[in-house]
Amino acid sequence: MRAEPAFYTPPRARHEGGIRFPYGYSYTADGAPALARFLKAGYRATKEVSPDTQVIIHLHDAGDYDEYRWFYGLLNQLGVPYDLIGSSYYPFWTRRDIPTVVRFFYTISREFNKKIMVMETGINWNPVTHEGLEGQLHDNGPVPYGETPAGQRDFLYELFAALKSVPDGAVIGDLYWDPVMIPAPGVGWQVGEPNFVSNTTLFDFTGKALPALNAYRDNVDGGR
């Protein structure tokens with residue numbers, strides 16, 4: 001069996017990562033170059049249609065230095081072009097508070113000379129979903145905010161202010177996930193499954209705007 005080059009091996013247990021399985025599986029000697037070809041083709045097609053569009057390659061788990069250094073280092077070694085690093089930050093999944101991920105974003109941005117777009121952020125505004133079930137996020141992790149509308153709002157105020165404070169404008173923005181997946185008949189994470197994110201939206205179970213939206217309204221110079 002052919003030995004895999006060291007840079008193909010991720011720092012932790014292998015994840016099912018990549019696109020166009022099994023061809024673009026990113027953690028094998030055959031799959032990584034295939035993944036690179038797909039990503040290069042996507043970049044090229046995007047720029048042909050819209051030259052000014054910024055291409056983001058998105059990775060989960062903000063704060064994991066080893067994984068980011070491995071993955072974006074792999075892309076660099078394989079010559080994959082991209083404009084921005086995308087990152088997901090959920091306090092529950094990452095178990096990291098805001099100051100921790102802010103330091104991480106600045107470090108990774110400097111190391112790879114890329115600005116960062118936070119592609120996903122989410123936090124509970126209620127402990128359970130509209131059906132009384134535990135949702136996708138079991139708690140709010142290490143941040144000091146309760147699973148309440150006010151807690152969700154205050155988390156976003158702190159996060160947005162912190163991201164804007166990262167030196168050199170290293171973080172250009174943050175997208176909330178999923179802001180609008182409120183209860184509706186037949187709406188679930190996938191067909192036939194419950195809606196496990198109705199308690200993390202930016203609207204309550206009846207569709208009324210939650211106070212967290214104020215963080216977007218007030219996200220101007222100086223914050224609120």
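Hydrogens, waters and symmetry mates play no part in the numbers below; they use all other heavy atoms, side chains included.
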### Message
What verdict does the ring pair (Phe, Tyr, Trp, His ring centres under 6.0 Å) test give for F104 and Y65, after you've listed the backbone C-alpha separation in whole Å, the side-chain angles of each residue and the deciding distance to 0.1 Å?
### Response
CA-CA 7 Å; F104 166 79; Y65 288 90; 5.0 Å; yes

### Task
Tell me, with the steps shown, if V171 and V101 meet side chain to side chain contact (heavy atoms under 4.5 Å, CB included).
CA-CA 11 Å; V171 180; V101 296; over 6 Å; no

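Hydrophobic clustering of Ile, Leu, Val, Met, Phe, Trp and Tyr side chains at less than 4.5 Å, counting indirect connections, keeps M119 apart from V55. Hydrophobic clustering places I19 together with V80 (ILVMFWY residues linked when any side-chain heavy atoms are closer than 4.5 Å, directly or through intermediates). Cluster annotation: V118 is connected to V166 through the hydrophobic network of ILVMFWY side chains, with a link wherever side-chain heavy atoms come within less than 4.5 Å. Under a hydrophobic clustering in which Ile, Leu, Val, Met, Phe, Trp and Tyr are joined whenever their side-chain heavy atoms come within less than 4.5 Å, directly or via other members, Y89 and W177 fall into different clusters. At a threshold of 4.5 Å between side-chain heavy atoms, the hydrophobic network of Ile, Leu, Val, Met, Phe, Trp and Tyr places F92 and V143 in two separate groups.
Sparse packing is recorded around CZ of R110, with 12 or fewer heavy atoms of other residues, nucleotides or ligands lying under 6.0 Å away.
To the nearest 0.5 angstrom, E134 atom CD is 9.5 Å from F196 atom CZ. Note that the CD1 atom of I116 and the CG atom of L163 stand 9.5 Å from one another [nearest 0.5 Å]. Here the CD1 atom belonging to I85 is positioned 11.5 Å from the CD1 atom belonging to I172, to the nearest 0.5 angstrom. Note that CG of D204 and CG of N126 are 9.5 Å apart. Values are rounded to the nearest 0.5 Å. A distance of 11.0 Å separates CD in E120 from NE2 in H60, rounded to the nearest 0.5 Å. Distance check: N199 CG to Q152 CD gives 9.5 Å after rounding to the nearest 0.5 Å.
Residues V102 and T100 have side chains not in contact (no heavy-atom distance under 4.5 Å, counting atoms from C-beta outward). When side chains are defined from C-beta on, L137 does not count as touching E147, because their heavy atoms never get closer than 4.5 Å. Side-chain contact between V180 and F203 is present, with heavy atoms from C-beta onward closer than 4.5 Å. Under the 4.5 Å side-chain criterion, counting only non-hydrogen atoms from C-beta, T200 is in contact with N124. By the 4.5 Å heavy-atom criterion applied to side chains, E111 and Y68 are not counted as neighbours. The closest side-chain heavy-atom distance from D168 to K115 is not below 4.5 Å. Considering only heavy atoms from C-beta on, I57 comes within 4.5 Å of F71 through its side chain. Contact of the S88 side chain with the W93 side chain is not registered, since no non-hydrogen atoms from C-beta on lie closer than 4.5 Å.
Of the possible polar contacts, one joining the S198 side chain to the H130 backbone as a donor-acceptor pair under 3.5 Å is found. In this structure, the side chain of T94 engages the main chain of Y90 through a donor-acceptor pair within 3.5 Å. A donor-acceptor pair is defined here as one N or O able to donate and one able to accept, closer than 3.5 Å; such a pair exists between the side chain of N195 and the backbone of M181. With hydrogens and angles ignored, the 3.5 Å screen pairs a side-chain donor or acceptor of K40 with a backbone N or O of L78.
Not less than 6.0 angstrom separates the ring centroid of Y216 from the ring centroid of Y176. Aromatic pair W125/F205: centroids less than 6.0 angstrom apart.
Here the closest heavy-atom approach between residue G207 and residue I182 is recorded as CA-CD1, 3.8 Å. Residues I98 and E158 share a closest heavy-atom pair of CD1-CD, 3.5 Å. Considering all non-hydrogen atoms of both residues, T129 and G135 come closest at CG2-CA, 3.8 Å. Nearest heavy-atom pair across N140 and P91 is O-CB, 3.4 Å. Between P167 and Y106, the shortest heavy-atom distance links the atoms CB-CE1, 3.5 Å. When all heavy atoms of A212 and L202 are compared, the closest pair comes out as CB-CD2, 3.8 Å.
The existence of a salt bridge linking D218 and R153 is excluded, since no basic side-chain nitrogen approaches an acidic carboxylate oxygen closer than 4.0 Å. Under 4.0 Å is where a charged nitrogen must lie from a carboxylate oxygen, and between D64 and R96 no such pair does.
For the pair K114 and Y72, the NZ or CZ position fails the cation-pi test of under 6.0 Å to the six-membered ring centre and within 45 degrees of the ring normal.
Checking each of N76, L39, I56 against Y82 for a side-chain contact (heavy atoms from CB on, under 4.5 Å) leaves exactly one that passes, namely N76.
Between Y145 and F155, the ring planes lie perpendicular to each other; the angle is over 60°, past the 30° to 60° tilted range.
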